[in-house]
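The structure under discussion appears below in the form of structure tokens.
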There are 2 protein chains.
Amino acid sequence: MPRPRSLTHDQLASAALAVIDRDGLAGLSMRAVAKELGMSTMGLYRYVDEREELERLVVECVLGAVDTEPPPPEAPWGERIEIMVRRLRDTLSAHPAVVPLTVAHRHRSPGVLRWSETVLAILIEAGFEGERRVVALRSLLAYVIGALQLAHLGPLSGDGTVAISALRPTEFPHMAETARQARNVGADDEFFGGLAALMRGLNT
Amino acid sequence: MPRPRSLTHDQLASAALAVIDRDGLAGLSMRAVAKELGMSTMGLYRYVDEREELERLVVECVLGAVDTEPPPPEAPWGERIEIMVRRLRDTLSAHPAVVPLTVAHRHRSPGVLRWSETVLAILIEAGFEGERRVVALRSLLAYVIGALQLAHLGPLSGDGTVAISALRPTEFPHMAETARQARNVGADDEFFGGLAALMRGLNT
DNA sequence: ACCTGAACACCGTTCAAGT
DNA sequence: ACCTGAACACCGTTCAAGT
């Protein structure tokens, strides 16, 4: 990759993010980003080797913004983990269409690494060792990733829930009734309700 | 959509699944599936209106195979839920590349609806009502979806973990050490360890 | 009426041609 | 040396033309 000339990686990622926020992840293309920047399509290849690298830049741009400062140490460790998870969720919620990219490129993101480092410090302080610590970190990540995708692609407040509540009660009685109740569950109650359960379970 | 002539939806989905299993999700295209079936590309449009409908058929084909019979009622409810989650995981693990499609199209899959119906019956019997029941079902789904994607795209046994364990210990000491321990954690221990935690938390 | 191949508007990426 | 537009091999989908 030759030296960039006039654009920073952040400007490039911001342009891609603008395309994604406007046209969705499906609208992301080298041509669209180039047009957004007012340059030729091939000009992008001065900054990235391939489209995948552009995606990595987007992920880094989004996740690099997450606050990874250790939360106030006087709070119980469970609350501190919750604070960290809330920060990650807030960061990703600003660009929900990016979540699938995040899953694929999370490895190379310094933001996620710093976030994980802070979470691990809290877990270690709370006495998590060996496999138990590994499982705790991975299950927290799995929950956040899964819950955000569920919330983005099929929110409880959306028409998927309405459709389920209209299913034939003879065939899906529990689903129909539960879906009716689900319409009154807010996105925050859903997310933090599940997180609280996971946290309780990790603690015992 | 005109009447299908010689192919069933299942044959169509199987051909698409064969393409995905061979070339990955990125290899799925109308042209590739048509070639797999030895027909013209446009012939597919006799069976589906658009590519998205083909994807729905694939999801239904995979998830339709999940065993949704209620587990033995003499087992504790927690164990029965775990059995149901294990079945869903086993079904999806046979075609991990399909998981992202599953997230997007899960609403219309009768397989997922039947699975959820059985899980809800167990939750109701265990005394879950209202929001608590909604949160339990959604968090289980979120965990399964997130954990499977994590396991497929970045397994603990993979080179992502190796790369993390090689990070500069001055900057990421906890990550490096935890990654070294993570290499000895099997995929099953990881998945069911996290699931057990979530289940404990939902129970209290 | 049924089927299909050419065509259109896209895509990522290569590469030669122009400055 | 630097940049770029044409070109190549794809993609989903429309539509006219052929049977």
Side-chain angles (χ1 to χ4, degrees), chain A residues 1-9 11-61 97-98 100-105 108 153, chain B residues 1-9 11-61 97-98 100-105 108 153:
Chain A
M1 186 177 54
R3 288 261 149 224
R5 221 187 34 119
S6 57
L7 258 55
T8 67
H9 277 182
Q11 286 175 296
L12 218 138
S14 296
L17 212 45
V19 172
I20 293 173
D21 289 340
R22 189 188 336 113
D23 303 322
L25 192 53
L28 180 68
S29 74
M30 301 300 276
R31 283 168 167 87
V33 174
K35 182 177 281 185
E36 182 81 18
L37 289 165
M39 57 165 47
S40 78
T41 303
M42 293 317 297
L44 290 179
Y45 287 85
R46 205 134 291 283
Y47 303 88
V48 294
D49 277 337
E50 47 178 9
R51 182 201 155 107
E52 219 186 23
E53 202 176 327
L54 177 65
E55 294 178 358
R56 276 197 290 271
L57 290 181
V58 171
V59 171
E60 264 186 50
C61 177
V98 175
L101 292 186
T102 307
V103 179
H105 299 296
R108 274 94 166 231
L153 292 171
Chain B
M1 184 178 53
R3 290 259 149 226
R5 222 187 34 120
S6 56
L7 257 56
T8 67
H9 277 180
Q11 286 174 296
L12 218 137
S14 296
L17 212 44
V19 172
I20 292 173
D21 288 341
R22 188 187 338 111
D23 303 322
L25 192 52
L28 180 68
S29 74
M30 301 300 278
R31 283 170 167 88
V33 174
K35 182 177 280 185
E36 182 80 19
L37 289 165
M39 58 165 47
S40 78
T41 303
M42 293 316 298
L44 290 179
Y45 286 86
R46 207 134 289 283
Y47 301 90
V48 294
D49 276 338
E50 47 178 9
R51 182 201 155 108
E52 219 185 23
E53 203 176 326
L54 177 65
E55 294 178 358
R56 275 196 290 272
L57 290 180
V58 171
V59 171
E60 264 186 50
C61 177
V98 174
L101 292 186
T102 307
V103 180
H105 299 295
R108 274 94 165 232
L153 292 171

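The chains referred to below are lettered A, B, ... by the order of the sequence lines, with proteins before strands, and numbering in each begins at 1.
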* Structure fact -> Rounded to the nearest 0.5 angstrom, the CG-CG distance for A:Asp21 and A:Leu28 is 11.0 Å
* Asked: Do you know the tightest heavy-atom contact between B:Leu44 and B:Met30?
  -> CD1-O, 3.1 Å
* Structure fact -> Taken to the nearest whole Å, CG/B:Leu44 to C1'/D:dT14 is 15 Å
* Identify the heavy atoms of A:Cys61 and A:Ala13 that sit nearest to each other, and give their distance. => CB-CB, 3.5 Å
* Secondary-structure stems for DNA chain C, with pairs counted as Watson-Crick or G-U when both distances are under 3.5 Å and runs at least 3 long -> C:4-8 with D:12-16, C:12-16 with D:4-8
Please tabulate the protein-to-nucleotide N/O contacts below 3.5 Å involving nucleotides 9-12 of chain C, giving atom names and distances.
| residue | atom | partner | partner atom | Å |
| --- | --- | --- | --- | --- |
| C:dC11 | OP1 | A:Ser29 | OG | 3.0 |
| C:dG12 | OP1 | A:Met30 | N | 3.0 |
| C:dG12 | OP1 | A:Arg51 | NH1 | 2.9 |
| C:dG12 | OP2 | A:Met30 | N | 3.0 |
| C:dG12 | N7 | A:Arg31 | NH1 | 2.5 |
| C:dG12 | O6 | A:Arg31 | NH2 | 3.2 |

* To do: Look up atom CG in B:Leu153 and atom OG1 in A:Thr102, then write down how far apart they are to the nearest 0.5 Å.
  => 11.5 Å
* Measuring from B:Arg46:CZ to B:Leu7:CG, what's the distance to the nearest 0.5 Å? -> 12.5 Å
* Asked: Hey, does B:His105 have a side-chain heavy atom less than 4.5 Å from the side chain of B:Glu52?
  -> yes
Nucleotide N/O of nucleotides 4-6 of chain C paired with protein N/O under 3.5 Å:
| residue | atom | partner | partner atom | Å |
| --- | --- | --- | --- | --- |
| C:dT4 | OP2 | B:Ser40 | OG | 3.2 |

Short heteroatom pairs, N/O only, protein and nucleotides 17-19 of chain C, under 3.5 Å:
none

Review item, side-chain donor-acceptor pairs of residues 35-43 of chain A, under 3.5 Å, at least two apart:
| residue | atom | partner | partner atom | Å |
| --- | --- | --- | --- | --- |
| A:Glu36 | OE1 | A:Arg22 | NH2 | 2.3 |
| A:Glu36 | OE2 | A:Arg22 | NH2 | 3.4 |
| A:Ser40 | OG | A:Gly43 | N | 3.1 |

* Of all of residues 16-25 of chain A, which get a heavy atom below 4.0 angstrom from DNA chain D, listed by number? -> none
* Could you state the interatomic distance from CG (A:Leu101) to CD (A:Glu55), rounded to the nearest 0.5 Å? -> 5.0 Å
* Asked: Roughly how far, to the nearest 0.5 Å, is CZ of B:Arg108 from CD of B:Glu53?
  -> 9.5 Å
* Distance between P atoms of D:dC8 and C:dA7 (Å, rounded) -> 16 Å
* Asked: Which heavy-atom pair separates A:Ile20 from A:Ala97 by the least distance, and what is that distance?
  -> CG2-CB, 3.8 Å
* Between atom CG of A:Asp23 and atom CG of A:Leu25, what is the distance when rounded to the nearest 0.5 Å? -> 11.0 Å
